[in-house]
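Written out below as structure tokens is the structure these notes cover.
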Number of protein chains: 2
Amino acid sequence: MSDAPKLTEQQIYERIWKSIAERRLPPGTRLKEERLCEIFGVSRPRIRRALDQLSHDGLVCHIPNRGAFVSTPSVDEARDVFFTRRVVERGVIDALKDNVSDDTLSALKGHIEQERQALRDGDTSQTIRLSGAFHMLLAELAASPLLADILRDLVSKSTLVTAVFQPKSDTQCGPDEHASIVDALARGDFEAAKSAMDAHLLEAEHTLQLEASGDGQPFPTDVLGAALTEDT
Amino acid sequence: MSDAPKLTEQQIYERIWKSIAERRLPPGTRLKEERLCEIFGVSRPRIRRALDQLSHDGLVCHIPNRGAFVSTPSVDEARDVFFTRRVVERGVIDALKDNVSDDTLSALKGHIEQERQALRDGDTSQTIRLSGAFHMLLAELAASPLLADILRDLVSKSTLVTAVFQPKSDTQCGPDEHASIVDALARGDFEAAKSAMDAHLLEAEHTLQLEASGDGQPFPTDVLGAALTEDT
DNA sequence: TAATCATAAATTGTTAACAATAATTGTAGA
DNA sequence: TCTACAATTATTGTTAACAATTTATGATTA
């Protein structure tokens, strides 16, 4: 009747991860085990293990005997995420030093073009996805799988942070700022690339409202089905 | 008969993690679920979840239908670990900029004194533990819990790397190099501190034999009981 | 009418039994 | 004597039933 391939817990982890990272599952969303079983068509232990992984990543907050919820970062955590990203992404550019081929550059430029297209189309979900993906692409082109792993975590946490502290999501990570990083790389000026990256991340942090209400938004009721079923 | 407190999976995770990080469980060691159940006196799912976490950290390699083994890093992974540590630990020093109080400095100096003592005593296990702990202490004194988490992972991976690629473990992370970092911090010279850290990590990397045999050491038979029971 | 306590429903956490897969050992044949 | 095949054993993976904890609802009392 449907997909018999019997999703592995890794795949479930990925799916939920992606839904959180692309903001289809907002902070505070309850992740009821039974409901997830229905959605993915697997038994509870499988779901449980996937949730454990997410909880270990800090994307999901697991309260004993209460259940799992999409994490709602605090102001301090928000600042920390951005600080850490600056540290890590400077490292990414260092790791790129010996890997800036023409292919690399055209891949990056192609990506930025996609970002511009999504922005023109007004496709918010796609825009969010691509903004994060740019940073990931940079990391994956670099010579450090470990840094890329670390950054994947950080980017997904950033998404949560912006979901909480940036009510109007139009002030996203802009393609132009990404372009200026790539331009610097194209010139071989890595110091400039690092500065551009730093400025870009600081800019993103400053668009957030990190003084006001820590939390207070109501928990949505049942977005799970819609959020998790799509395989964008 | 013994500890009834019923270890939580988090505690089990910590115990195994620590045993790996302190090199009591060498790379390649098989982690048989049933055996671990006996040792910790808990049921299999509990062990399973702990192993999943470790596997997600990359400290344990989980082969389907085969079981879990302490990871044996490759040469490329070894280099990557050290590269990433340089990136992250430079960030740690940045994060320390506003936190260098007298208490901080005396804590660091006290730690180095402990390291010297352990080295004098010829206590290898303690020396390994304290070497890693110095870097962790630095990270915990900094204002970034996230960086500290990331570094914890990296330090434990470093331990695996040195276990594989440094047959003679006497050429460890020396207290003197740690001292020169702290001295720079005491002077308020953060650039010097970063340089010292970089040099220290490069030095550590260079003492490894990263050209020769990738793997070839036999798997030890049953060190689990001895390695995990001790609560050092 | 509001607040508190008790009961009931729902959800997570745990345990135990079962099935499937892979490794090892032993045997038979060349 | 060595190789290949088969059977047994051991270990992981899965499923299902059970227990404990929490939350919500409703009734009773002040």
Side-chain angles (χ1 to χ4, degrees), chain A residues 1-16 25 28-56 59-72 215 218-225 228, chain B residues 1-16 25 28-56 59-72 215 218-225 228:
Chain A
M1 187 152 314
S2 58
D3 37 337
K6 211 181 186 181
L7 292 154
T8 176
E9 105 225 9
Q10 194 59 32
Q11 295 174 305
I12 293 172
Y13 167 81
E14 300 278 358
R15 287 272 286 276
I16 301 179
L25 291 177
T29 306
R30 178 159 189 191
L31 301 169
K32 192 154 64 181
E33 294 183 0
E34 200 185 349
R35 185 85 183 83
L36 294 170
C37 294
E38 294 172 9
I39 293 169
F40 292 113
V42 299
S43 47
R44 264 180 54 210
R46 197 75 67 85
I47 295 291
R48 203 153 236 280
R49 290 173 73 180
L51 289 177
D52 282 341
Q53 306 288 329
L54 289 162
S55 163
H56 193 239
L59 251 63
V60 157
C61 181
H62 190 99
I63 305 171
N65 291 319
R66 287 282 308 279
F69 301 83
V70 178
S71 292
T72 303
D215 37 33
F219 294 165
T221 52
D222 186 19
V223 287
L224 269 66
L228 290 166
Chain B
M1 177 85 55
S2 56
D3 37 334
K6 210 181 188 182
L7 292 155
T8 178
E9 105 224 10
Q10 195 57 33
Q11 294 174 305
I12 293 171
Y13 168 81
E14 299 278 0
R15 287 272 286 274
I16 301 179
L25 292 176
T29 306
R30 176 160 193 189
L31 301 169
K32 192 154 63 182
E33 295 183 359
E34 200 185 350
R35 184 86 184 82
L36 294 170
C37 293
E38 294 172 9
I39 293 169
F40 291 113
V42 298
S43 47
R44 264 180 54 211
R46 198 73 68 87
I47 295 290
R48 203 154 236 278
R49 290 172 74 179
L51 289 177
D52 281 342
Q53 306 288 329
L54 291 162
S55 163
H56 193 239
L59 251 63
V60 157
C61 181
H62 189 99
I63 304 172
N65 291 319
R66 286 283 308 279
F69 301 83
V70 178
S71 293
T72 303
D215 37 32
F219 295 164
T221 51
D222 187 19
V223 287
L224 270 67
L228 292 165

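All chains are named by letter (A, B, ...) in the order of the sequence lines, taking the proteins before the strands, and each is independently numbered beginning at 1.
- The side chain of A:N65 approaches D:dT22 more closely than any other nucleotide in the set D:dT22, D:dT11, C:dA22.
- For B:H62 and D:dG13, the shortest distance from a side-chain N or O to OP1 or OP2 is below 4.0 Å.
- The listed nucleotides are C:dT12, D:dT11, C:dA23; the one nearest the side chain of B:R66 is C:dA23.
- Between B:S43 and C:dT14, a side-chain N or O to OP1/OP2 separation shorter than 4.0 Å is absent.
- You'll find the side chain of B:R46 stays beyond 4.5 Å of the side chain of B:F40, heavy atoms only.
- Among the heavy atoms of the strands lying under 4.0 Å from A:P64 are primed sugar atoms or P, OP1, OP2 only; no base atom is included.
- The base of C:dG13 is not paired with the side chain of B:R49 by any donor and acceptor separated by under 3.5 Å.
- When B:E9, B:E34, B:E33 are each tested for a salt bridge (charged side-chain N to carboxylate O under 4.0 Å, His left out) with B:R44, only one passes: B:E33.
- Rounded to the nearest 0.5 Å, atoms CD (A:Q53) and CZ (B:R49) are 10.5 Å apart.
- For B:A68 and A:R44, each mapped to the nucleotide of DNA chain D holding its nearest heavy atom, the one lying further toward the 5' end belongs to B:A68.
- Residues A:R66 and A:R30 approach most closely at O-NH2, 3.2 Å, considering heavy atoms.
- Contact annotation: A:R48 side-chain N/O to C:dG13 OP1/OP2 distance is under 4.0 Å.
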